[in-house]
Amino acid sequence: MGKAVGKRIVAYAVGAAVLAGGGFVYKQVTGAPEIAKAGDCMAGATADELKVVSCADPAAALTVEGRVDGKTQKEWDADNDGQICSAYAKADQAFWEGEEGKAGYVLCLAPKN
């Protein structure tokens, strides 16, 4: 009986690892904003469409100037004068993503040169 329980635990652990890895791969393949870092290019006209793309992609219209972690949606909504992205002089747009009531991140975006 002990071996059967042990095998189930290993199977669950392997299953969880596959799911976690699958989520990572999915984000990489789809270009989820969550993976964006400074220097990446992005495409999309709305928050729902925004995704990381190759800078050679004709759809690439934005460059990630910087990423600011640890900001809540409330902080982002209250940032009417753009202080969150003030360290990134070229940034003229910002995108926040996270869970409501919890800290997320802000992407400071500039037009692609």
Side-chain angles (χ1 to χ4, degrees):
M1 174 119 168
K3 288 185 179 181
V5 171
K7 287 180 182 178
R8 268 190 245 144
I9 291 172
V10 170
Y12 290 135
V14 169
V18 167
L19 287 175
F24 173 78
V25 170
Y26 177 77
K27 290 174 188 170
Q28 297 295 320
V29 170
T30 61
E34 183 178 325
I35 66 168
K37 59 189 180 310
D40 284 345
C41 290
M42 302 193 81
T46 67
D48 290 336
E49 296 172 349
L50 194 65
K51 65 181 180 176
V52 177
V53 296
S54 165
C55 290
D57 187 323
L62 300 167
T63 301
V64 179
E65 291 294 313
R67 179 183 172 121
V68 181
D69 290 308
K71 296 294 180 186
T72 64
Q73 185 174 11
K74 190 173 184 178
E75 289 172 307
W76 184 72
D77 287 341
D79 186 33
N80 295 324
D81 55 355
Q83 288 301 304
I84 291 174
C85 290
S86 64
Y88 307 101
K90 293 180 183 177
D92 65 355
Q93 297 179 50
F95 168 81
W96 178 88
E97 186 170 69
E99 289 184 48
E100 190 173 332
K102 296 183 180 181
Y105 63 91
V106 175
L107 297 178
C108 302
L109 305 168
K112 183 179 173 260
N113 295 336

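Remember, it's a predicted structure, so these values are computed and weren't measured experimentally.
Between the side chain of Arg67 and the backbone N or O of Ala36, at least one donor-acceptor pair lies under 3.5 Å. Asp40 places a side-chain N or O within 3.5 Å of a backbone atom of Lys37 that can act as its donor or acceptor partner. Looking at Thr63, its side chain never comes within 3.5 Å of a backbone N or O of Glu65 through a donor-acceptor pair. Proximity of a side-chain donor or acceptor of Asp79 to a complementary backbone N or O of Ile84 within less than 3.5 Å is detected.
Of all the heavy atoms in Val64 and Met42, the pair that sits closest is CG2-SD, 3.6 Å. Shortest non-hydrogen contact noted between Val106 and Ala94 is CG1-CB, 4.0 Å. Heavy-atom minimum distance, Gly39 versus Cys55: O-SG, 4.0 Å. Taking both residues in full, the closest heavy atoms of Glu75 and Gly70 are given as OE1-O, 3.8 Å, listed atom of the first, atom of the second, then distance. Residue Leu107 comes nearest to Pro33 through the heavy atom pair CD1-O, 3.9 Å, listed as atom of the first residue, atom of the second, then distance. Scanning all heavy atoms of the two residues, the minimum distance from Ala60 to Cys41 falls at CB-CB, 3.9 Å.
For Glu99, the CD atom sits in a loose shell: 12 or fewer heavy atoms of surrounding residues, nucleotides or ligands are nearer than 6.0 Å. No more than 12 heavy atoms of other residues, nucleotides or ligands lie within 6.0 Å of CD in Glu100, so this atom counts as exposed by the packing criterion.
The shortest distance between side-chain heavy atoms of Lys74 and Asp77 does not fall below 4.5 Å. Glu34 places a side-chain heavy atom less than 4.5 Å from the side chain of Tyr105. The shortest side-chain heavy-atom distance between Leu50 and Leu109 falls under the 4.5 Å cut-off. Using a 4.5 Å cut-off on side-chain heavy atoms (C-beta onward), Gln73 and Trp96 make contact.
In summary, Asp92 and Lys90 do not engage in a salt bridge, as defined by a charged side-chain N under 4.0 Å from a carboxylate O.
Thr72 OG1 to Lys102 NZ: the interatomic distance, rounded to the nearest 0.5 Å, is 13.0 Å.
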